[in-house]
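Note sheet for the following structure.
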Protein chains: 2
Amino acid sequence: MANIREIAKRAGVSVSTVSRVLNGYPYVKEEKRKAVWDVVHELNYKKNINAVHLSKGKTNIIGVMLPTINHPYFSMIVEGIAEEALRYGYHLLFFQTNYDIHKELEALEMLRVKQIDGLIICSHTISLETLELYISDGPIVLCEDIQEPHIFSVYIDHYQAFMLGMDYLIKKGHSKIGYCLGRPTSINSQKRKAAYKDALQNIHASIHANWMFHHCLHMGDGKRIVSTILSLAEKPTALLVTSDQVAAGIVLWGKTYGLRVPNDLAIVSFDNHPISEALHITTIELPLSLMGKKAFQMIYDYFANNYTQPKKEKLPVRLIERASV
Amino acid sequence: MANIREIAKRAGVSVSTVSRVLNGYPYVKEEKRKAVWDVVHELNYKKNINAVHLSKGKTNIIGVMLPTINHPYFSMIVEGIAEEALRYGYHLLFFQTNYDIHKELEALEMLRVKQIDGLIICSHTISLETLELYISDGPIVLCEDIQEPHIFSVYIDHYQAFMLGMDYLIKKGHSKIGYCLGRPTSINSQKRKAAYKDALQNIHASIHANWMFHHCLHMGDGKRIVSTILSLAEKPTALLVTSDQVAAGIVLWGKTYGLRVPNDLAIVSFDNHPISEALHITTIELPLSLMGKKAFQMIYDYFANNYTQPKKEKLPVRLIERASV
DNA sequence: ATGAAAGCGCTAACAT
DNA sequence: ATGTTAGCGCTTTCAT
């Protein structure tokens, strides 16, 4: 494998001249420049990028931490990240953690060992205190509304978004409202629960523990939700569902088991994935791809503008009325 | 940032002893080993992984080339790859190409510049001839049935799978059968078309160009297919659809526009994603996650067994009868 | 404008 | 068992 020394020797110049030519440094005499390129092409030479990484102390690789890539919620974020990364010549290294703390730590360690320049965390179980141990190793972006001053954050205001859904359902005459959330302990879920409680309190409605479903992530979870609701003596008349996938599952399994949407149960869901359109589900659109883009941008700007202070950015949502309420 | 020399100095040993301790090399006196670990912990030292990469000429990173991560077909493959990669301490670098040849080439170049040890290609537009230019740069795995002796291949026999679907539809009394494919030029599509033609020929049925839909990838494509079929004077009675997403779109948009499945149109689709179960769609299950695992395994074995000859492996499919036929 | 040479931080061959 | 040292292939400073 040819290296820069070989090129230098054959072109009759020094390695530094080769390096300058290769990196587009201006002050090189035209004939030397040509000589170098000629040899480079002749040998089909390519830089060893690891040597560049070592020498520069930078890899142009951004890490992406997520529980699983195989879920529309995350793959939409990633799509956004990937699009921006490509534009700026960055690469993406994936850490599929399945919410395993050890795997999450491994991703953070990659920051410390310089395998990645920065890390975008789409979702996590690890504590913020632990995260903070790594802030000096490189920029970290969290897709959550957090206050820690040293961590970047691009987020959806889930309190407001949930409130939007609640208000809509209430305006449509519902007061027996339940919800379906993902992981109940996540920061996003906490915000949603707060909105839920506040909204019910505003209309003096009581809270029913068995109208609150947790760990709802996939279409298949709709089956469980539908059969549980059917077995309930006192049923909710509406559900706020934090994922189009789950909402679709409820609509479809409801059809199978005899729970009609919206007649028996109104639904407002979140995401606005294609499936919600196909099923005519009223949904609150989350700008996930945009979130990915912004997350990358934050890291990019951090390096481009000499390590600026971490930013926080809130993204807008909108309700799309369809036929599930 | 502390380096190995610093550790050596503080622990009162040589750099090679530090290296040996760090890498679990056996012949080190217990007290020196302890001295090293003590300093390592004290300084919270971590190896600079780029230096390791440069020194070893290997990165333990595998590239994954795909058009988009945001599609269940690909995210399932990736999930399989990621699972195996993690088990063996490998990392994944993603190349979202959107079928852009330049981006595909960029992924291949990463192989040449040693940024990645190997490359898994989930789908591509680039020609096999071009691919072959890179086989000396590292192992390449293709998720297609190809013959090139220097490229690894793990694949689904799409001829056989398509034939399975055709036979099933024919056995159920259909002869007016159409299909929905993704990119018509892909190797996988070629195999499917061949099976389609052969199957129709077997029953002396004629081929209708307007029963053959191409570029069907997403749920939204179902809309187009449904309205086209509704406008046809002579309609197919059955459709073989190469994606559950598209099949779901057909079922759902069919419901909206008045094309009933299976009454007006029978459907056999592919993948067996959760949505096909929720919609009771008869589907041919493709072992996509397994395909990802096998793809990674091939690369892993290649390095573990000193650069063995490229293998080819065919994966089984099975038809799951539900209610769309 | 160009070259010499000193790193970057680690691995591994070689010597003892 | 342990240390010395020569790489790995590039970037970058410092001379000239």
Side-chain angles (χ1 to χ4, degrees), chain A residues 1-37 39-40 43-61 109-117 137-138 303, chain B residues 1-37 39-40 43-61 109-117 137-138 303:
Chain A
M1 206 61 193
N3 59 23
I4 199 173
R5 239 184 308 274
E6 170 87 9
I7 306 294
K9 199 195 299 173
R10 295 211 192 196
V13 300
S14 71
V15 290
S16 34
T17 295
V18 176
S19 177
R20 287 182 188 115
V21 171
L22 258 27
N23 294 306
Y25 187 83
Y27 305 115
V28 178
K29 207 177 278 174
E30 198 46 52
E31 61 195 71
K32 299 217 175 195
R33 185 183 301 280
K34 183 174 179 319
V36 168
W37 278 122
V39 178
V40 163
L43 298 188
N44 194 9
Y45 163 83
K46 294 282 168 179
K47 290 201 244 197
N48 179 323
I49 219 163
N50 293 308
V52 178
H53 291 166
L54 173 59
S55 189
K56 292 204 161 181
K58 196 159 172 302
T59 59
N60 271 35
I61 298 178
E109 288 298 329
M110 289 303 112
L111 205 53
R112 174 160 299 166
V113 301
K114 309 281 176 211
Q115 165 119 225
I116 56 180
D117 293 344
D137 296 316
F303 288 115
Chain B
M1 204 61 193
N3 61 22
I4 198 174
R5 240 183 308 274
E6 170 87 9
I7 305 295
K9 199 194 299 172
R10 295 211 189 195
V13 299
S14 71
V15 290
S16 38
T17 295
V18 176
S19 178
R20 285 181 190 115
V21 171
L22 258 27
N23 295 305
Y25 186 83
Y27 306 114
V28 177
K29 206 178 277 174
E30 199 46 52
E31 62 193 74
K32 299 216 175 194
R33 185 183 301 280
K34 183 172 178 321
V36 169
W37 278 123
V39 178
V40 163
L43 298 188
N44 195 7
Y45 163 83
K46 294 283 166 180
K47 291 201 246 197
N48 179 321
I49 218 163
N50 293 308
V52 178
H53 291 166
L54 173 59
S55 188
K56 292 202 160 181
K58 198 160 170 300
T59 58
N60 272 33
I61 299 177
E109 288 296 331
M110 289 303 111
L111 206 52
R112 173 160 298 166
V113 301
K114 308 283 175 210
Q115 165 120 222
I116 56 180
D117 293 344
D137 296 316
F303 289 115

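Chain letters run A, B, ... following the sequence lines, proteins first, then strands; residues in each count from 1.
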Look at the side-chain N and O atoms of [X] and state whether any lies under 4.0 Å from the OP1 or OP2 oxygen of [N].
X	N	answer
B/Lys32	D/dG3	yes
A/Lys47	D/dT11	yes
A/Tyr25	C/dG3	no
A/Asn3	D/dG9	yes
B/Tyr45	C/dC10	yes

**Prompt:** Just checking, any donor-acceptor pair under 3.5 angstrom between side chains of B/Asn44 and B/Lys46?
**Reply:**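 No, no side-chain donor-acceptor pair sits under 3.5 Å.
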
**Prompt:** When you match A/Arg5 and A/Lys29 each to their closest nucleotide on DNA chain C, which lands nearer the 5' end?
**Reply:**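 Nearest-nucleotide comparison on DNA chain C picks A/Lys29.
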
**Prompt:** In residues 8-17 of chain B, which ones come under 4.0 Å of DNA chain C, going by heavy atoms?
**Reply:**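 When residues 8-17 of chain B is checked for heavy atoms under 4.0 Å from DNA chain C, the hits, listed by number, are B/Ser16.
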
Calculate the interatomic distance between [X] atom [atom1] and [N] atom [atom2]; express it in whole Å.
X	N	atom1	atom2	answer
A/Lys58	C/dG9	NZ	P	17 Å
A/Leu22	C/dT2	CG	C1'	16 Å
A/Lys56	D/dC10	NZ	P	13 Å
A/Leu54	D/dT11	CG	P	11 Å
A/Glu31	C/dA1	CD	P	13 Å
A/Ile4	C/dA4	CD1	P	13 Å
B/Asn23	C/dG9	CG	P	17 Å
B/Lys114	D/dC10	NZ	P	12 Å

Please pick, from [options], the nucleotide with the shortest atom-to-atom distance to any side-chain atom of [X].
X	options	answer
B/Ala51	C/dG9, D/dC10, D/dT11	C/dG9
B/Ser55	C/dG9, C/dG3, D/dC10	C/dG9
A/Val52	D/dT2, C/dG9, D/dC10	D/dC10

Heavy-atom closest pair, residues [X] and [Y]:
X	Y	result
B/Leu111	B/Gly138	CD2-O, 3.9 Å
B/Leu54	A/Ala51	CD1-CB, 3.7 Å
B/Ile7	B/Val39	CD1-CG1, 3.9 Å

**Spacing of A/Asp137 atom CG and A/Glu109 atom CD [to the nearest 0.5 Å]** =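 Rounded to the nearest 0.5 Å, the CG-CD separation comes out at 8.0 Å.
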
**Spatial distance of atom NE2 (B/His53) from atom CG (B/Asn48) [nearest 0.5 Å]** =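 Going from NE2 on B/His53 over to CG on B/Asn48, the span is 9.0 Å.
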
**Request:** Kindly state each residue pair satisfying salt bridge (Lys or Arg N to Asp or Glu O under 4.0 Å) with at least one member in residues 19-31 of chain A, sequence neighbours excluded.
**Result:**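 Counting only pairs at least two positions apart or across chains, the salt bridge (Lys or Arg N to Asp or Glu O under 4.0 Å) contacts touching residues 19-31 of chain A are A/Glu30-A/Arg33.
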
Looking at [Y], is its backbone amide N or carbonyl O close enough to the side chain of [X] to form a donor-acceptor pair, meaning the two atoms are under 3.5 Å apart?
X	Y	answer
A/Asn50	B/Lys114	yes
B/Asn23	B/Tyr25	no
B/Asp117	B/Thr59	yes

**Request:** For A/Asn50, answer base if it contacts any base atom (sugar-phosphate contacts may also be present), sugar-phosphate if it contacts only those atoms, and nothing otherwise; contact means non-hydrogen atoms under 4.0 Å.
**Result:**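 A/Asn50: no heavy atom of the nucleic acid under 4.0 Å.
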
What nitrogen or oxygen pairs link the protein and nucleotides 14-16 of chain D at under 3.5 Å?
none

